[in-house]
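Every heavy atom of this structure was used, including side-chain atoms; hydrogens, water molecules and symmetry mates were not.
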Amino acid sequence: MKALDLVLNGVIIVSATVFFAYLGLLYDFGLFTTLPELITRPFLDLPVLQYVALAVFIGAMVVKLPVRKVIRRENLREEP
């Protein structure tokens, strides 16, 4: 379960970064305005990715709640 929690943390970080990069693009700041075009072009060609990133972020946060509960239960069982 701890491995799943780590994977969910990574998914949350990546999806939040992508979503906030698109948000920053609207206001002319952020990641997509500073990175080279070679990196940003695939993202800018598919603006629907911002909604996919937001949905993945929300989904990972929802899944993380029961995972945390299971980890807490496991930790309580291990303590004498």
Side-chain angles (χ1 to χ4, degrees):
M1 270 306 181
K2 290 183 182 183
L4 178 59
D5 189 49
L6 289 174
V7 169
L8 288 172
N9 286 338
V11 168
I12 289 168
I13 289 169
V14 170
S15 60
T17 301
V18 170
F19 178 73
F20 284 122
Y22 276 107
L23 189 63
L25 189 63
L26 293 174
Y27 298 104
D28 199 31
F29 74 92
L31 195 59
F32 285 161
T33 59
T34 58
L35 288 174
E37 185 179 344
L38 178 67
I39 296 171
T40 60
R41 177 61 46 206
F43 292 98
L44 298 178
D45 287 344
L46 296 169
V48 73
L49 288 178
Q50 64 186 321
Y51 303 112
V52 172
L54 181 61
V56 168
F57 174 80
I58 292 170
M61 292 295 288
V62 168
V63 170
K64 194 163 176 64
L65 294 173
V67 169
R68 281 187 179 176
K69 287 181 183 179
V70 170
I71 290 173
R72 284 188 194 134
R73 272 191 244 132
E74 287 176 358
N75 288 339
L76 288 176
R77 287 182 190 159
E78 291 176 2
E79 292 179 5

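Contact of the Glu74 side chain with the Val70 side chain is registered, since non-hydrogen atoms from C-beta on lie closer than 4.5 Å. Under the 4.5 Å side-chain criterion, counting only non-hydrogen atoms from C-beta, Val52 is not in contact with Leu46. Considering only heavy atoms from C-beta on, Thr17 stays 4.5 Å or farther from Val14 through its side chain. In this structure, the side chains of Ile71 and Arg68 stay at 4.5 Å or more apart for every pair of heavy atoms.
In terms of the salt bridge (charged side-chain N to carboxylate O under 4.0 Å, His left out) criterion, Asp28 has no residue partners (sequence neighbours excluded). With sequence neighbours left out, the side-chain contact (heavy atoms from CB on, under 4.5 Å) criterion links Ala55 to no other residue. With sequence neighbours excluded, the residues satisfying side chain to side chain donor-acceptor pair (under 3.5 Å) with Lys64 are Asp5, Asn9.
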TODO: Check step by step if side chain to side chain contact (heavy atoms under 4.5 Å, CB included) holds for Phe32 and Phe43.
DONE: CA-CA 9 Å; Phe32 285 161; Phe43 292 98; 3.5 Å; yes

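Taking hydrophobic clusters as Ile, Leu, Val, Met, Phe, Trp and Tyr residues chained together by side-chain heavy-atom distances below 4.5 Å, Met1 does not share a cluster with Val62. Side-chain heavy atoms closer than 4.5 Å link hydrophobic residues (I, L, V, M, F, W, Y) into clusters, and following such links, even through other members, never connects Met61 to Val7.
Separating the CG atom in Leu54 from the CD atom in Gln50 is a distance of 9.0 Å, to the nearest 0.5 Å. Residue Asn75 holds its CG atom at 4.5 Å from NZ of Lys2, rounded to the nearest 0.5 Å. Note that the CG atom of Leu8 and the CD1 atom of Ile12 stand 6.0 Å from one another [nearest 0.5 Å].
When the options Leu31, Leu44, Thr40 are evaluated for a side chain to side chain contact (heavy atoms under 4.5 Å, CB included) with Leu25, the one that passes is Leu44.
Of all heavy-atom pairs spanning Gly30 and Thr33, the tightest one is O-OG1, 2.7 Å. Between Pro42 and Leu49, the shortest heavy-atom contact is O-CD1, 4.4 Å. Closest approach of Ser15 and Ala53 over heavy atoms only: CB-O, 3.4 Å.
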